[in-house]
Number of protein chains: 2
Amino acid sequence: MSADRAARALRDQVAEGALSCGTRLPEERLSASLGVSRNTLREALSQLVAERILVRAPHRGVVVATPGADDVRDVYRVRLLVEPGVCRDTTAHSTGGLAAVRAAVTEGRAAAAAEDWPGVAGANQHFHRGLVALAGSPRLDAQMELLLAEMRLFFQRMGAPEPFHRPYLEENAAIANLLEEGRGDDAADRLTSYLRAAEHQLVEAITALDGSGPRRS
Amino acid sequence: MSADRAARALRDQVAEGALSCGTRLPEERLSASLGVSRNTLREALSQLVAERILVRAPHRGVVVATPGADDVRDVYRVRLLVEPGVCRDTTAHSTGGLAAVRAAVTEGRAAAAAEDWPGVAGANQHFHRGLVALAGSPRLDAQMELLLAEMRLFFQRMGAPEPFHRPYLEENAAIANLLEEGRGDDAADRLTSYLRAAEHQLVEAITALDGSGPRRS
DNA sequence: TGGACAAAGTTGTTGAACAATCCCTACGGT
DNA sequence: ACCGTAGGGATTGTTCAACAACTTTGTCCA
């Protein structure tokens with residue numbers, strides 16, 4: 001479908017920072033630049049609004065969402081519920097799934113060695129995506145995909161400090177080890193404190209920004 | 001928005017059984033019957049496809065989804081992860097949220113006393129919606145809403161036996177009691193076995209149907 | 001300064017049009 | 001009678017043009 005391609009293009013542009021938080025997306029101009037009709041573009045925009053990447057104000061157009069501290073807390077509330085839960089249910093962990101998690105760890109280390117910080121961020125996302133994929137649930141995968149897209153928005157908003165993901169690489173490795181040893185509960189506990197720390201860091205960064213910038217509107 | 005109204009109308013029709021599993025939804029006729037243009041209807045259809053209530057086959061149109069046993073198992077995999085998890089986190093349970101859960105219990109009992117089985121089914125959904133709402137997470141609420149819409153499809157498909165929800169009323173009451181006493185872990189355990197039993201029952205019913213009926217296509 | 005008012009621009013929605021694709025049927029060969 | 005195939009009809013995917021409803025901007029007047 002053409003609308004899906006447009007939606008993906010916009011999603012990527014937001015993730016890469018080509019469209020920063022709060023920028024308006026006029027339908028006429030955007031449809032021309034993406035080479036689709038306005039109707040098709042509208043379908044793509046609706047999709048991204050449903051994904052919380054864009055926000056629509058009736059008769060006022062859509063803008064790139066400007067997530068606040070509340071949004072960070074809510075995303076982490078879900079992640080704290082889902083990700084450790086998946087770790088604990090070791091019966092579902094296939095060797096293929098664990099291999100994918102392991103691959104994300106080595107990918108992250110390679111990227112860090114090359115000082116490729118976007119690569120580290122990507123590897124980190126692959127790690128968490130792989131973690132959730134251990135459950136083998138398409139619906140959970142889809143939900144996680146949404147959350148990760150929002151996470152990219154968070155990083156985009158706070159300027160994505162280069163070595164932000166650095167300290168989590170070793171945590172990822174430790175969790176992968178625990179999972180491979182079948183110690184799902186230990187992995188879950190470690191992941192929980194790790195996520196809480198990351199949440200705190202993000203909330204701090206975003207509340208600092210919220211002092212000068214407006215909210216989601 | 002007009003598309004949202006059309007989507008809601010279709011969602012309701014599916015939940016009520018006016019549109020049964022597998023029925024095709026031709027755009028021209030449907031847009032006329034809903035009083036919206038074909039473009040607007042398409043937006044609504046895309047929305048429902050994203051919610052897994054409808055299935056789109058490229059160039060062949062959209063049909064009401066015909067969920068199989070795999071879908072039941074996957075929905076319950078998510079529910080088994082989310083709902084007990086919410087019960088365990090007693091720190092988030094507000095008295096208002098607990099009151100909503102309690103209200104769903106009494107609503108179910110009243111409906112059962114009146115032998116209003118659709119009412120019992122609705123109360124049961126309110127119970128689980130209220131349960132998840134205890135977490136106070138908009139994103140989790142939205143996810144649960146999707147799952148409950150799919151559950152309605154399941155019931156629709158298996159013919160919705162009248163006293164199906166009956167035995168769960170007392171379970172709901174017991175879980176509400178445990179939550180009000182702050183015994184979140186006990187509530188979670190009880191809910192887990194309850195959900196597992198319901199899943200088993202649904203899988204059985206649907207595999208029986210799958211013998212003669214086709215799959216999701 | 002403050003507020004009513006008109007103008008301009010954008011969105012929400014419609015209707016018609018056309019190519020691409022799929023389904024069904026009728027046809028012809030064996 | 002059976003099977004493959006071409007054609008016709010119907011439906012979808014997508015575009016274009018138009019218009020009403022609404023928001024915002026800028027102007028004018030008190």
Side-chain angles (χ1 to χ4, degrees), chain A residues 1-14 18-66 142 153 213-217, chain B residues 1-14 18-66 153 212-217:
Chain A
M1 201 126 74
S2 185
D4 292 337
R5 243 179 309 148
R8 168 169 283 277
L10 286 175
R11 215 179 289 125
D12 290 350
Q13 285 188 30
V14 171
L19 296 171
S20 55
C21 293
T23 58
R24 305 193 59 229
L25 302 180
E27 300 185 350
E28 194 119 20
R29 207 169 332 175
L30 205 57
S31 63
S33 92
L34 288 177
V36 299
S37 102
R38 197 157 80 89
N39 273 325
T40 302
L41 175 77
R42 260 171 146 286
E43 221 175 294
L45 291 180
S46 297
Q47 200 173 321
L48 297 180
V49 167
E51 296 176 15
R52 297 181 201 257
I53 293 172
L54 307 181
V55 175
R56 156 167 284 143
H59 287 280
R60 253 186 285 173
V62 297
V63 301
V64 180
T66 303
L153 241 191
R215 187 115 329 119
R216 221 173 216 282
S217 58
Chain B
M1 199 128 76
S2 184
D4 292 338
R5 243 180 310 150
R8 167 170 280 279
L10 287 175
R11 216 179 289 124
D12 290 349
Q13 285 188 30
V14 170
L19 296 171
S20 55
C21 294
T23 58
R24 305 192 60 230
L25 303 179
E27 300 184 349
E28 194 119 20
R29 207 166 332 171
L30 204 58
S31 63
S33 93
L34 288 177
V36 299
S37 104
R38 199 158 78 89
N39 271 323
T40 301
L41 175 76
R42 260 172 146 283
E43 222 174 296
L45 291 180
S46 297
Q47 201 172 322
L48 296 181
V49 167
E51 296 176 15
R52 297 183 200 257
I53 292 173
L54 307 181
V55 174
R56 157 167 281 145
H59 287 280
R60 254 185 284 172
V62 297
V63 301
V64 180
T66 303
L153 242 190
S212 52
R215 186 107 335 114
R216 221 174 216 280
S217 60

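Order of the sequence lines fixes the chain letters, A, B, ..., with proteins taken first and strands second; residue numbering starts at 1 for each chain.
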Which whole-number value in Å describes the distance from Met1(B) CE to dT13(C) P? 7 Å
With Glu43(A) via side chain to side chain donor-acceptor pair (under 3.5 Å) - residues at least two apart: Ser46(B)
Once you round to the nearest 0.5 Å, how far does OG of Ser20(A) lie from CG of Leu153(A)? 10.5 Å
Can you give me the N/O atom pairs linking the protein to nucleotides 21-23 of chain C at distances under 3.5 Å, or say none if there are none?
{"residue": "dC23(C)", "atom": "OP1", "partner": "Arg60(B)", "partner atom": "NE", "Å": "3.3"}

Would you mind reporting whether Leu54(B) and Val63(B) have side-chain heavy atoms less than 4.5 Å apart? no
Taking any atom under 4.0 angstrom from a heavy atom of chain A, which nucleotides of DNA chain D are the first and last to qualify, 5' to 3'? dT14(D) to dT24(D)
Please identify each residue that fulfils side chain to side chain donor-acceptor pair (under 3.5 Å) with Glu51(A), with sequence neighbours left out. Arg11(A)
Determine which pairs satisfy salt bridge (Lys or Arg N to Asp or Glu O under 4.0 Å) with at least one residue from residues 29-41 of chain A, sequence neighbours left out, and list them in order. Glu27(A)-Arg38(A)
Close approaches to DNA chain D from residues 35-43 of chain B, in residue order (heavy atom, under 4.0 Å): Arg38(B), Asn39(B), Arg42(B)
Taking Arg60(A)'s backbone N and O only, do any of them form a donor-acceptor pair with Arg24(A)'s side chain (distance below 3.5 Å, no angle check)? yes
Do other residues, nucleotides or ligands put more than 12 heavy atoms under 6.0 Å from Glu28(A) CD? no
Rounded to whole Å, please give me the gap between CG in Leu34(B) and P in dG15(C). 14 Å
Working to the nearest 0.5 Å, report the span between CZ of Arg8(A) and CE of Met1(A). 14.0 Å
Are any non-hydrogen side-chain atoms of Ile53(A) and Leu10(A) less than 4.5 angstrom apart? no
Report the distance from atom CG of Leu34(B) to atom CG of Leu25(B), rounding to the nearest 0.5 Å. 9.5 Å
